[in-house]
There are 2 protein chains.
Amino acid sequence: MAKTSSKPVNAVPAKSAKQRAGKAAQGRTHAPPDPASEPPSGRVARAAERREAIIAAAMDEFVGRGYAATRLDDVARRAGVAKGTIYLHFKDKEALFEELIRTAIVPLVNRIAPPPNPGGSVRDMIELFARTFIQEVATTQRADIIRLIVAEGPRFPAIADFYYREVVSRGLAGLRAVIELGIARGEVRQPELARFPQIVVAPAIVAVIWKSLFEKHSPLDALEMFRVHLDLIFGERRAT
Amino acid sequence: MAKTSSKPVNAVPAKSAKQRAGKAAQGRTHAPPDPASEPPSGRVARAAERREAIIAAAMDEFVGRGYAATRLDDVARRAGVAKGTIYLHFKDKEALFEELIRTAIVPLVNRIAPPPNPGGSVRDMIELFARTFIQEVATTQRADIIRLIVAEGPRFPAIADFYYREVVSRGLAGLRAVIELGIARGEVRQPELARFPQIVVAPAIVAVIWKSLFEKHSPLDALEMFRVHLDLIFGERRAT
DNA sequence: CAATTATGACTGACCGGTCAGTCATCGTCA
DNA sequence: TGACGATGACTGACCGGTCAGTCATAATTG
């Protein structure tokens, strides 16, 4: 074993280091103490918090090492929990992994979900979408989740299925609707584009990959790239 | 898992046995046997063949399982070789993996390399490039190599560096030159495109990912998608 | 204090890497 | 040319470390 320390590593600043904190303080039930940093006295709340800590820790480890190379010992240590505790919440390593992806997908979708833009132009809608995507995904750790899905997806059909169903098909359907609106309005001059909404998001996908592989060789201004791409779709540049 | 047979599988039919064909039948055999399936008698030739068999086997295993989950026992079995033999040719698992990628990159580059198209239009040049790429890569096992690089690249900087240097930077430079030619000729109407050649290849990249993750959910006509994309760059559709 | 939850030592399978021994091939000499 | 010793490619049993998953025990809770 070796590897780093024997104490919780806690790469996730959010909620972790406290689980041991108040055990001496007021292990008993009364005094409803600071609920934000003290261990909640309720068992269910406590359990839920542990579960989240495990998922957060697993996220870091799986993203950093990939599925096979991740050790549950490390996940446990990082979560500030004993290894056995993981098995109180998840059937096995694979279940933890799949649950992790599922958990990560939801906020991902919410982040970049249908930008409900009432009166704007179609270009603005798509540009807003792209800006959100690039800022909230391509730049952050969420990008690694996407890379993780690409990397492990073929070996975990359940994950690929889930991702296709929850993200890809919905996203493309929404995008297609927007494109068709743009065609109807005359903003988009290439009607065939509605057949391949993938074309619209392709540069964003490429940006995600680029960031994780080649950013250090040659930085990429993803947002600017996407604007140029939009110029191809909508015509001449507009002010931003 | 899998296991398959205990005999060599030899997934790469190409040049496994023939390179030593001529002088082969000397060692002790009389009747010149089928040079395509008999082991060559020369020790060096034999060794080279084994090395190739190991790489071919490693390719299948690494692509199918990822780096960490691949067992060298399986590679050896698939190559029809004892495990120790692997270590006569490669320092360790990591060296085998990196060498494998290196070996795979060269034919990849040659396949889709500068399409020396003299008189044609820029669109034709790019379309030929895309067609070659999609037919020779996106459709074949080579796509898995790309996925493998995306998946493992962050953990193997040497591989990411190599890939960037040998493929990405050169490819983009060539593409940029072609784009600038197109701008000069007036074929490409968006001069900014030269700043982001990634946009041109993005749909091809997306096609590679799509094929390996979602093809079964929803088949994608990559070539047609790319044509639509070219329409965005060059304007109205041309006959093909 | 009984029930529930957490712990971490432990197990057993697994796998990367090693190495002493084998034998086909090669060089050499009669 | 044929025989024979030298060579080194090849083998696979083996070793040591690793890690997913278990379970008897301890701690906590209501």
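Chain identifiers are assigned alphabetically (A, B, ...) following the order of the sequence lines, protein sequences preceding nucleic acid strands; residue numbering begins at 1 within each chain.
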Distance below 4.0 Å between B:H89 side-chain N/O and D:dC10 OP1 or OP2: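 For B:H89, the contact criterion (side-chain N or O under 4.0 Å from OP1 or OP2 of D:dC10) is met.
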Electrostatic pair A:D144:A:K211 at N-O distance under 4.0 angstrom: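 Answer for the salt bridge query: no.
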Pairs satisfying salt bridge (Lys or Arg N to Asp or Glu O under 4.0 Å), at least one member in residues 99-110 of chain A, at least two apart: A:R51-A:E99, A:E98-A:R102
When the distance from [atom1] of [X] to [atom2] of [N] is rounded to whole Å, what number comes out?
{"X": "A:F90", "N": "D:dA20", "atom1": "CZ", "atom2": "P", "result": "15 Å"}
{"X": "A:I54", "N": "C:dT5", "atom1": "CD1", "atom2": "P", "result": "14 Å"}
{"X": "B:R50", "N": "C:dA24", "atom1": "CZ", "atom2": "P", "result": "12 Å"}
{"X": "A:I86", "N": "C:dG8", "atom1": "CD1", "atom2": "P", "result": "13 Å"}

A:Y164 and B:H217 aromatic ring geometry - parallel, tilted or perpendicular at 30°/60° bounds: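 B:H217 vs A:Y164 ring planes: parallel.
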Aromatic plane relationship, A:F129 with A:F133 - under 30° parallel, 30 to 60° tilted, over 60° perpendicular: parallel
Member of A:D60, A:I54, A:D73 meeting the side-chain contact (heavy atoms from CB on, under 4.5 Å) criterion with A:R78: A:D60
Base versus backbone protein contacts along nucleotides 12-19 of chain C [heavy-atom cut-off under 4.0 Å; B, S, -]: ---SBBB-
Residue from B:Y163, B:Y67, B:F62 passing ring pair (Phe, Tyr, Trp, His ring centres under 6.0 Å) with B:F156: B:Y67
